[in-house]
Amino acid sequence: MRIPCPYCGWRDAQEFAYLGDATVERPDPAAADAPARFHDYVYLRENPAGPHSELWRHSAGCRQWLAVRRDTTTHEIIAAEFVRGRGARR
Amino acid sequence: MFDFLTRFPPALVIPPGRYGAAGAGVIATRIEGLEIASLAAAPDRIEELRGRCRADFGLDLPAGPRRAAGEDVEFIGVGPGRWLALGGEGLEERLRSRLSPAAAICDQSDGLILFDLTGPRLRDTLAKGLAIDIDPSVFRPGDAATTAVALIGVTFWLLDEKPTFRFAVPRSYAPAFSRFLVASAAEFGCVVS
Ligand SMILES: [Zn+2]
């Protein structure tokens, strides 16, 4: 499997460190139900057969975090973009 | 075939000499006398940094993994907003006086070892450890890459079509890198100078 890094170009997946699901969002720790929300945030994951958004770090290349859209059934990489700056664009 | 490697302490770079088959399929030369510094653009000041490099060094900072050379300094793109700078004595101070605070500058001269690699069988040799395409049709002079060779993290760039590749290797990994190189080039004849 190869991942198209926006800076480095196509690279073997071995150059990347996998973190996991890019769709979960850290809950507000001040919320009344924070313990239950954090339980879900830490432990509960969808396990989709098909396109999935994941965090990968190009640890042997440009050292940047990428949000990668990958089809879990075929390993097709649909998109890859830097995580940095994503918050500002959303 | 690689019994000769056992003659050398694994913690030291392979010394100058001729290794393996007769001939010079690969020639490796350690480069000394160049200072190295890392350059990281300060948040939101990358355009200011580009302007200063243009004014003071007469070059455009590469926006991708490429090399840009000016007078007594060159920059290699290693990541978004990050470069390696190489130059003569006093490099860090020269960069700091002209580019700070638009960039964070940190001396790396003791941290990285430079090797120039060339020879008619160099690409065949590197193919044993690299997972990226360095064919002359796609990796041109001025192109650079930060990747792993034989699982050792390196940054390298192509200086000319000869081809001469310059490798920057972390100091503590330089012995392992030199052993990979000499063992992989032995079938073509390897000269370390
Ligand atoms: Zn990268």
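Convention: sequence-line order gives letters A, B, ...; per-chain numbering from 1.
The choice from B:A148, B:A131, B:G64 that makes the most heavy-atom pairs within less than 4.5 Å of chain A is B:G64. Options A:Q64, A:R63, A:R11, A:R2 differ in how many heavy-atom pairs under 4.5 Å they form with chain B, and the most are formed by A:R11.
B:F8 and B:V182 fall within the same hydrophobic cluster, defined by Ile, Leu, Val, Met, Phe, Trp and Tyr side-chain heavy atoms under 4.5 Å apart, directly or through other members. Both B:W83 and B:L91 are members of a single hydrophobic cluster when ILVMFWY side chains are connected at heavy-atom separations under 4.5 Å. Linking Ile, Leu, Val, Met, Phe, Trp and Tyr whenever their side-chain heavy atoms come within less than 4.5 Å leaves A:L44 and A:V24 in two separate clusters. Cluster membership check: B:F75 does not share its hydrophobic cluster with B:L84, using side-chain heavy-atom separations under 4.5 Å among Ile, Leu, Val, Met, Phe, Trp and Tyr. Under a hydrophobic-cluster definition in which Ile, Leu, Val, Met, Phe, Trp and Tyr are linked whenever side-chain heavy atoms come within less than 4.5 Å, directly or via other members, B:V149 and B:V169 are assigned to the same cluster.
No more than 12 heavy atoms of other residues, nucleotides or ligands lie within 6.0 Å of CG in B:L151, so this atom counts as exposed by the packing criterion.
In this structure, chain A has no heavy atom under 4.5 Å from any part of B:A144.
Rounding to the nearest 0.5 Å gives a distance of 9.0 Å between OG1 of B:T147 and CG of A:D12.
When all heavy atoms of B:R82 and A:C62 are compared, the pair lying nearest together is NH1-O, 3.1 Å. Pairing each heavy atom of A:E15 with each of B:T146, the nearest pair is OE1-O, 4.5 Å.
When atom types are taken as modelled, the side chain of A:R84 and the backbone of B:P80 share no donor-acceptor pair closer than 3.5 angstrom.
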